[in-house]
Colleague: 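For reference, the structure I am asking about is given below.
Because the structure is a prediction, the values reported are computed rather than measured. Quick note: numbers below take in every heavy atom, side chains included, and nothing from hydrogens, waters or symmetry partners.
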Amino acid sequence: SRRKSLKNLEELLQLRKSNKFHNIGVNVESVIEVVKKSYYNFEKHSVPSAGAIYGLKVLLFYKNNKKIFNSKGEISTEKFEINQIKKTCFYDDKYFSSSSILIAVTYDYDKYFGKYGNCGIRYASIECGAFLQNFQLLLSEKEIYGCPLGFVDNDALLGIEEPLIYFIIN
């Protein structure tokens, strides 16, 4: 098992050297399962959180849906026109198509600021980094690959106030 994990890590590192991540027929349910295991594994969190805040929120944009995972792992779904992302955030099919999945990780500013003041963003970023590491490793086990993005133009279009990171699966 350890050898398999190291092989997956090596594979993930090799793939990170390229921007050519094109998955064929990614099952959205598999990605949803990976999000759950990466942050809310079996009704307990699978990442550390300063002061046990656990204030991250994970948003999945795909097809015409926006799934929102709150800090307890509960999911809500809203309608969202994926072509809005394609038109305003990405400029061609090379990086974003109608079958792409965009993941955004945001945080509850008030919870972190209330407990840690201006340092709250640092703790939210550490928590987000642990989530993203779990997420990428679990995706690689399913042979699904993507790329973290530090910035996506038009946070307001996506309905995001405090983005920490984005991740795209093509």
Colleague: Do Ser100 side-chain atoms and Asn170 backbone N/O form a donor-acceptor pair below 3.5 Å?
Modeller: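 Not at all, since once roles are kept as given, no pair shorter than 3.5 Å links the two residues.
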Colleague: Identify, with sequence neighbours excluded, every residue that meets side chain to side chain donor-acceptor pair (under 3.5 Å) alongside Asn83.
Modeller: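 Testing Asn83 for side chain to side chain donor-acceptor pair (under 3.5 Å), a comparison that skips the adjacent residues, returns Glu81.
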Colleague: Check for a donor-acceptor pair, side chain of Lys37 on one end and backbone N or O of Asn134 on the other, with a separation under 3.5 Å.
Modeller: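 Flag not set: sc Lys37 to bb Asn134 has no pair under 3.5 Å.
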Colleague: So for atom CZ, which belongs to Phe167, do other residues, nucleotides or ligands contribute more than 12 heavy atoms lying within a distance under 6.0 Å?
Modeller: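 Check passes, neighbour count above 12.
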Colleague: Check for me whether the distance between the ring centres of Tyr123 and Tyr116 falls short of 6.0 Å.
Modeller: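 Yes; Tyr116 has its ring centre under 6.0 Å from that of Tyr123.
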Colleague: Using a 3.5 Å distance criterion without hydrogens, assess whether the side chain of Asn65 forms a donor-acceptor pair with backbone atoms of Phe80.
Modeller: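 Not at all, since once roles are kept as given, no pair shorter than 3.5 Å links the two residues.
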Colleague: For Ala130, what residues pass the side-chain contact (heavy atoms from CB on, under 4.5 Å) criterion, not counting sequence neighbours?
Modeller: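 With sequence neighbours excluded, Ala130 shows a side-chain contact (heavy atoms from CB on, under 4.5 Å) to Val47, Pro48, given in chain and number order.
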Colleague: Write out all pairs satisfying salt bridge (Lys or Arg N to Asp or Glu O under 4.0 Å) with one or both partners inside residues 98-119, taking only residues at least two apart or from two chains.
Modeller: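 Not a single pair qualifies under salt bridge (Lys or Arg N to Asp or Glu O under 4.0 Å).
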Colleague: Side chains of Ile101 and Ile168: closer than 4.5 Å at any heavy-atom pair?
Modeller: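 No - every pair of side-chain heavy atoms lies 4.5 Å or more apart.
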Colleague: What residues form a side-chain contact (heavy atoms from CB on, under 4.5 Å) with Glu162, not counting sequence neighbours?
Modeller: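 Scan of Glu162 (side-chain contact (heavy atoms from CB on, under 4.5 Å), adjacent residues dropped) gives Thr106, Tyr107, Tyr109.
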Colleague: Not counting sequence neighbours, which residues clear side chain to side chain donor-acceptor pair (under 3.5 Å) with Glu78? List them please.
Modeller: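 Glu78 satisfies side chain to side chain donor-acceptor pair (under 3.5 Å) with no residue once adjacent residues are dropped.
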Colleague: Apply ring pair (Phe, Tyr, Trp, His ring centres under 6.0 Å) to Tyr54 and list each qualifying residue two or more places apart in sequence or on a separate chain.
Modeller: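 Applying ring pair (Phe, Tyr, Trp, His ring centres under 6.0 Å) to Tyr54 gives His45.
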Colleague: Which residues pass the ring pair (Phe, Tyr, Trp, His ring centres under 6.0 Å) test with Phe69, sequence neighbours left out?
Modeller: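 Not a single residue meets the ring pair (Phe, Tyr, Trp, His ring centres under 6.0 Å) criterion with Phe69.
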Colleague: Given side chain to side chain contact (heavy atoms under 4.5 Å, CB included), test Tyr145 with Ile169 step by step and report yes or no.
Modeller: CA-CA 6 Å; Tyr145 302 98; Ile169 298 173; over 6 Å; no
Colleague: For Lys57, check side chain to side chain donor-acceptor pair (under 3.5 Å) against everything at least two apart and list the hits.
Modeller: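 Testing Lys57 for side chain to side chain donor-acceptor pair (under 3.5 Å), a comparison that skips the adjacent residues, returns none.
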Colleague: Report yes if the side chains of Lys63 and Ile82 come closer than 4.5 Å at any heavy-atom pair, otherwise no.
Modeller: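 When only atoms from C-beta onward are counted, Ile82 and Lys63 do not touch, as no gap falls below 4.5 Å.
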Colleague: Could you list the residues that satisfy side chain to side chain donor-acceptor pair (under 3.5 Å) with Glu74, not counting sequence neighbours?
Modeller: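 Partners of Glu74 under the side chain to side chain donor-acceptor pair (under 3.5 Å) test: Asn70.
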Colleague: For Lys142, check salt bridge (charged side-chain N to carboxylate O under 4.0 Å, His left out) against everything at least two apart and list the hits.
Modeller: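 Checked Lys142 against salt bridge (charged side-chain N to carboxylate O under 4.0 Å, His left out); matches are Glu33.
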